[in-house]
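Following: one structure in structure tokens, then a few remarks.
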Amino acid sequence: PRHSHSAVVRGDSMFVFGGYDGSYRSDFHEFHFPTAAWSPVPSTGRVPRARYRATAVVHRNTMILFGGHDGTRHLSDAHVFDFEARTWSTVVAE
């Protein structure tokens, strides 16, 4: 079983990124509550590296993913998934 994943709820769905199930994961799935069905989320852009224990939040039409651990080190990067465009982008902080 997977644990330490990041999950958010938007509309009728829960979106789950990464986690750990014996390996560190960078996959992204949607659970649609009305149909009780899981499906991979197709996307473009640079998918965040595999991680567990990251923080995720929905803001407007995006999911912001921050930090976590990749099995070797703590991460402090931030990524944005646009639900409408289905694209990933990296947040660059100065």
Side-chain angles (χ1 to χ4, degrees):
R2 184 176 302 211
H3 64 85
S4 302
H5 52 273
S6 302
V8 297
V9 172
R10 180 177 182 265
D12 290 339
S13 295
M14 176 175 61
F15 294 85
V16 176
F17 181 86
Y20 184 80
D21 63 1
S23 296
Y24 299 93
R25 299 292 177 188
S26 63
D27 52 351
F28 193 34
H29 289 88
E30 176 181 3
F31 181 78
H32 187 243
F33 293 116
T35 60
W38 285 100
S39 60
V41 178
S43 64
T44 59
R46 187 173 180 184
V47 176
R49 70 185 307 149
R51 65 191 63 216
Y52 75 127
R53 297 184 180 169
T55 299
V57 63
V58 170
H59 177 67
R60 297 185 181 148
N61 292 320
T62 66
M63 179 183 80
I64 302 168
L65 181 74
F66 174 77
H69 197 277
D70 68 1
T72 303
R73 61 190 169 105
H74 293 282
L75 305 171
S76 61
D77 53 349
H79 304 270
V80 177
F81 180 76
D82 184 310
F83 287 106
E84 292 179 2
R86 299 286 172 153
T87 59
W88 283 101
S89 59
T90 301
V91 175
V92 178
E94 295 180 21

Task: Residue pair Phe17 / Ser26, side-chain heavy-atom distance below 4.5 Å - done: yes

TODO: To the nearest 0.5 angstrom, please state how far the CG atom of Asp82 sits from the CH2 atom of Trp88.
DONE: 11.0 Å

TODO: Please check if atom CZ in Arg46 has more than 12 non-hydrogen atoms from other residues, nucleotides or ligands closer than 6.0 Å.
DONE: no

TODO: Report yes if the side chains of Phe28 and Ser43 come closer than 4.5 Å at any heavy-atom pair, otherwise no.
DONE: no

TODO: Decide yes or no for Val58 and Val9: does some side-chain heavy atom of the first lie under 4.5 Å from some side-chain heavy atom of the second?
DONE: no

TODO: Please name the pair of heavy atoms, one in Asp12 and one in Pro34, separated by the smallest distance, quoted to 0.1 Å.
DONE: O-CD, 3.5 Å

Task: Enclosure of His74 NE2 (heavy-atom neighbours >12, cutoff 6.0 Å) - done: no

Open item on the list: Is it the case that atom CZ in Arg2 sees more than 12 heavy atoms from other parts of the structure closer than 6.0 Å?
Closed with: yes

Open item on the list: Please report the interatomic distance CD1(Ile64) to OG1(Thr55), rounded to the nearest 0.5 Å.
Closed with: 11.5 Å

TODO: Report yes or no: does Ser4 contribute a side-chain atom to a donor-acceptor pair with the main-chain N or O of Tyr20 at less than 3.5 Å?
DONE: no

Task: Non-hydrogen atoms of His59 and Thr62 that approach each other most closely - done: O-OG1, 2.7 Å

Task: Smallest separation among heavy atoms of Asn61 and Glu84, with atom names - done: ND2-OE2, 3.1 Å

TODO: Nearest 0.5 Å please: distance from the CZ atom of Phe66 over to the OG atom of Ser6.
DONE: 11.5 Å

Task: Euclidean distance, Phe31 CZ relative to Ser13 OG, rounded to 0.5 Å - done: 9.0 Å

- [ ] Would you give the length of the straight line joining atom CZ of Arg49 to atom NE2 of His79, rounded to the nearest 0.5 angstrom?
- [x] 8.5 Å

Open item on the list: To check you understand the geometry: which heavy-atom pair defines the closest contact between His29 and Val41, and what is its length?
Closed with: C-CG2, 3.7 Å

Open item on the list: Show the nearest heavy-atom pair for residues Gly18 and His5, with the distance to one decimal.
Closed with: O-CB, 3.4 Å

Task: Cluster check Val8, Phe81: I/L/V/M/F/W/Y, side chain < 4.5 angstrom - done: yes

Open item on the list: So, taking the atom named CZ in Arg51 and the one named CG in Asp70, what distance separates them when rounded to the nearest 0.5 Å?
Closed with: 8.0 Å

- [ ] Work out which heavy atom in His69 is nearest to a heavy atom in Tyr24; give both atom names and the distance.
- [x] O-CD2, 4.4 Å

TODO: Check whether the ring centres of Phe83 and Phe15 lie less than 6.0 Å apart, and answer yes or no.
DONE: yes

